[in-house]
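Written below as structure tokens is the structure these notes are about.
Keep in mind that what you see is a predicted model, and the values were worked out from it rather than measured. So you know, we letter chains A, B, ... as the sequences are listed, proteins then strands, and number each from 1.
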Protein chains: 2
Amino acid sequence: MTSPPSRRRRATVHDVATEAGVSRGTVGRVINGDGYVSASAREAIEAAIKKVGYVPNTAARTLVMQRSQAVGFIVHEPHSLFLEDPNIGEILLGANTALSASDYQMVCLIVDSDRDTERVARYLSGGFVDGVIIVSARQDDPITRVVERLSLPAAFVGHPPDLGTAAFVGIDNRGSARTITTRLLETGRTRVGMIAAALDRDSGADRLAGFTEALGARFDPTLVEPVPLYSYRAGLEGMRALLAREPLVDGVFAASDAVAAGALEALREAGRSVPEDVGVVGFDDSAWATRCQPPLSTVHQPAAGLGQRAAESVLRQVDGAEPEVDQIVLETPIVWRGSA
Amino acid sequence: MTSPPSRRRRATVHDVATEAGVSRGTVGRVINGDGYVSASAREAIEAAIKKVGYVPNTAARTLVMQRSQAVGFIVHEPHSLFLEDPNIGEILLGANTALSASDYQMVCLIVDSDRDTERVARYLSGGFVDGVIIVSARQDDPITRVVERLSLPAAFVGHPPDLGTAAFVGIDNRGSARTITTRLLETGRTRVGMIAAALDRDSGADRLAGFTEALGARFDPTLVEPVPLYSYRAGLEGMRALLAREPLVDGVFAASDAVAAGALEALREAGRSVPEDVGVVGFDDSAWATRCQPPLSTVHQPAAGLGQRAAESVLRQVDGAEPEVDQIVLETPIVWRGSA
DNA sequence: AGGGAATGTGTGCACGTGCACACACGCGAA
DNA sequence: TTCGCGTGTGTGCACGTGCACACATTCCCT
């Protein structure tokens, strides 16, 4: 009867103990399943737990164990690429699957503003998570620095951080881009261009580099159309610009499936048929790829696998393994559909 | 020097106190900013905090305060509608904004399997969150039951739970569907159909009900094509089926923008032009709406606002307010673009 | 018969924090 | 002097848990 709106007091081990007529220690042994407990005591305690509706207080357990059985999943995107990039969602689910299998709770933390940065840093410092998975960290990121300072087990997805010692899981953007461009050239195209997105990010720059390598001596910079984002609209406008400048283009490597979808629309506007007049390939193998008309030939990005491997790396580090053994590059098979 | 892989011990108030030559109590007063502290002590303590790199241990604070300054955001979707439904991401960001403004941490919990359900229930029971925002709860949901049992402050987004006493924030699906259907009829269409998705969920059923009401005596059940999901593919296939059965259809209300996008593709296949031959309207005003050709006329769903209002409701309840005053229905203005 | 396992149970301490209380000091008024 | 008050500081307890230790009982082996 302290104050009416306050929720009722939670049952503790002590309540269970008095209810079952034993001591706290015995109750603890039953809950954690170790040590010797007589059958009669066990039964009495289990009944008491049910009766008083006992659930362990995780905060207290975390405090004494120095372990929270939770791992943070940090998404640090300026506004909300979170919404547009289907990969992030897939990475998240992959990580959740792996953590769930080891009975860890995933805690998803969105960093959307500077205010968030500070709060998340406090949260991490507070010992609420045993480790973190970091997606798309920036250079000189305050969150990254906090993680280093706490020497919190961490795994980066997508790109290694500045320091070479941390664990990361990624794909070979450059090699994959080179491979699919080569495949596109093998279909007999002679003037192959690229809609190169997000050149300020490693993934974007690497994909362009791979494209350039594949073309070798045939590379012609006027066939590269840079656009700011991995978005449908960027693809639409980029393709329009490319067509206006180079009407004879007969092949296009789009930096992502969303960009490719926009490019297909621009080609349709211009009356070009795909793949007859122009071959188009994308990158990601996201939902866009099968939703397009014709469906896209693209590079499969194993997003769920990235999340899963990152989670496994963090769990290994929580168990005391060294991070640097975990620098993993996953395979990116090419999926050939109808667009080239 | 206990064990090399273990991370170094965190600094505590005690370390700060000895470093600054004062007692724990004084340090606490500086950190929490109440009580009398001399200027000299304050300076010494602030310097000591910087020097030893002190950050409060949130677990300990949670334990003693019975407050975690965190709110759970629970997404309970069978497989991963999470990825496909852009509304969920927007709701999430809206909630994060509101919580962030009150200096609360949002903790996003994904429930993807039965195993997750159990673990999340334990997590909630553990006192790691002061309240929860629940998106798309199911009937007889175990998570919902846990929340009730703990009498944890909660707000449901989308639809009220079985019990009428809990807080929820939603939109008037039926009224909005009725309004946009009426607008579509006012453009002079005579045979207006609907691609009705997800009839097993309240939102889907309510949108169909609104459509039916708008047509009144003119309602013809053969013009309703039910499809399972709010997806592009469902829209594509649904529209094909509807066209095959009713070639004279000249207006379509699609249950979501993704469905409408699929319908546009089917109409294009069939050689119908939009909006000349057939008027199409959608629902959600998501990214699909502006990405389509022509851009969609649709019902604006204030997803970010839903998240924000839900968060505010939870925070009010944490402060002791009664939940039942928070049963909020947000406005859903119609956005008229080119597709009808 | 006596010593030592094996089995079963209770108690004290620690985790790091907030808060209530006690205490110390200087000063002015009764 | 003695009391009260404002200011500044130290200490003990509580939060709920896990774990190490101490203790109690039984049983077997020498």
Side-chain angles (χ1 to χ4, degrees), chain A residues 2 6-45 48-49 52-70 122-123 125-128 130 150, chain B residues 2 6-45 48-49 52-70 122-123 125-128 130 150:
Chain A
T2 52
S6 88
R7 34 196 196 283
R8 72 167 177 283
R9 203 180 66 82
R10 299 254 313 274
T12 73
V13 269
H14 195 82
D15 300 325
V16 175
T18 54
E19 176 69 30
V22 294
S23 75
R24 291 170 21 238
T26 308
V27 175
R29 275 184 279 271
V30 169
I31 291 167
N32 298 310
D34 57 35
Y36 301 105
V37 182
S38 66
S40 62
R42 163 165 283 117
E43 279 170 33
I45 289 166
I49 287 176
V52 302
Y54 170 73
V55 274
N57 181 317
T58 325
R61 183 178 274 171
T62 295
L63 180 60
V64 63
M65 298 283 282
Q66 316 275 44
R67 277 279 190 105
S68 62
Q69 290 282 327
R122 268 213 316 278
Y123 189 84
S125 308
F128 270 4
D130 295 336
L150 297 169
Chain B
T2 53
S6 87
R7 33 196 197 282
R8 70 168 180 283
R9 205 180 65 81
R10 299 254 314 275
T12 72
V13 269
H14 195 82
D15 301 324
V16 175
T18 54
E19 175 70 31
V22 295
S23 76
R24 292 169 21 236
T26 309
V27 176
R29 275 182 280 270
V30 169
I31 291 168
N32 298 310
D34 56 36
Y36 299 105
V37 181
S38 67
S40 61
R42 163 165 283 116
E43 280 171 33
I45 288 166
I49 287 176
V52 303
Y54 170 74
V55 273
N57 181 315
T58 325
R61 183 177 273 171
T62 295
L63 180 61
V64 63
M65 299 283 282
Q66 316 275 47
R67 275 281 189 107
S68 62
Q69 290 282 327
R122 268 213 317 278
Y123 189 84
S125 308
F128 270 3
D130 295 337
L150 297 169

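- Considering only side-chain N and O atoms, B/T12 lies nowhere under 4.0 angstrom from the phosphate OP1 or OP2 of C/dC15.
- Contact between B/Q69 and B/D130 at its shortest, heavy atoms only, is N-OD2, 2.9 Å.
- In the set C/dC15, D/dC15, C/dT7, the nucleotide with an atom closest to the side chain of B/L63 is D/dC15.
- Side-chain contact between B/I31 and B/I49: present, with at least one pair of heavy atoms (C-beta onward) separated by less than 4.5 Å.
- The overall bend of the helix from C/dA1-D/dT30 to C/dA30-D/dT1, read as the angle between its terminal helix axes built from five base pairs each, is 70° when rounded to 10 degrees.
- Residue-level contact check: B/A41 touches the backbone only, with heavy atoms under 4.0 Å from sugar-phosphate atoms and none from bases.
- Nearest heavy-atom pair across B/S23 and B/A17 is C-CB, 3.7 Å.
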Which atoms of nucleotides 18-22 of chain C (N or O only) lie under 3.5 Å from a protein N or O atom, and what are those distances?
residue: C/dG18; atom: OP1; partner: B/N32; partner atom: OD1; Å: 3.4
residue: C/dG18; atom: OP1; partner: B/R61; partner atom: NE; Å: 2.8
residue: C/dG18; atom: OP1; partner: B/R61; partner atom: NH2; Å: 2.9
residue: C/dG18; atom: O6; partner: B/R24; partner atom: NH2; Å: 2.9

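- In this structure, CG of B/N57 is placed 7 Å from P of C/dG16, rounded to the nearest angstrom.
- The side-chain heavy atoms of B/D34 and B/R29, taken from C-beta on, include a pair separated by under 4.5 Å.
- Rounding to whole angstrom units, CG of residue B/D15 and P of C/dG16 are separated by 8 Å.
- When the side-chain nitrogen and oxygen atoms of B/S38 are compared with OP1 and OP2 of D/dT9, one or more of them lie within a distance under 4.0 Å.
- Distance, B/I45 CD1 to C/dT17 C1': 15 Å, rounded to whole Å.
- The heavy-atom pair separating A/A59 from B/T62 by the smallest distance is CB-CG2, 3.8 Å.
- B/V16 and B/A48 get closest at one heavy-atom pair: O-CB, 3.8 Å.
- By the 4.5 Å heavy-atom criterion applied to side chains, A/V27 and A/E19 are not counted as neighbours.
- Along DNA chain D, the nucleotide nearest to B/A60 and the one nearest to B/V37 differ in position, and the one closer to the 5' end is contacted by B/V37.
- Contact between the side-chain N/O atoms of B/T62 and the OP1/OP2 oxygens of D/dC15 is not found at any separation under 4.0 Å.
- For A/Y36 and C/dT7, the shortest distance from a side-chain N or O to OP1 or OP2 is below 4.0 Å.
- One can place CD of B/Q66 at 11 Å from P of D/dT17, the figure rounded to the nearest angstrom.
- Rounding to the nearest 0.5 Å gives a distance of 6.0 Å between CG of B/L63 and CG of A/N57.
- Of all heavy-atom pairs between B/V30 and B/R42, the closest is CG2-CA, 4.2 Å.
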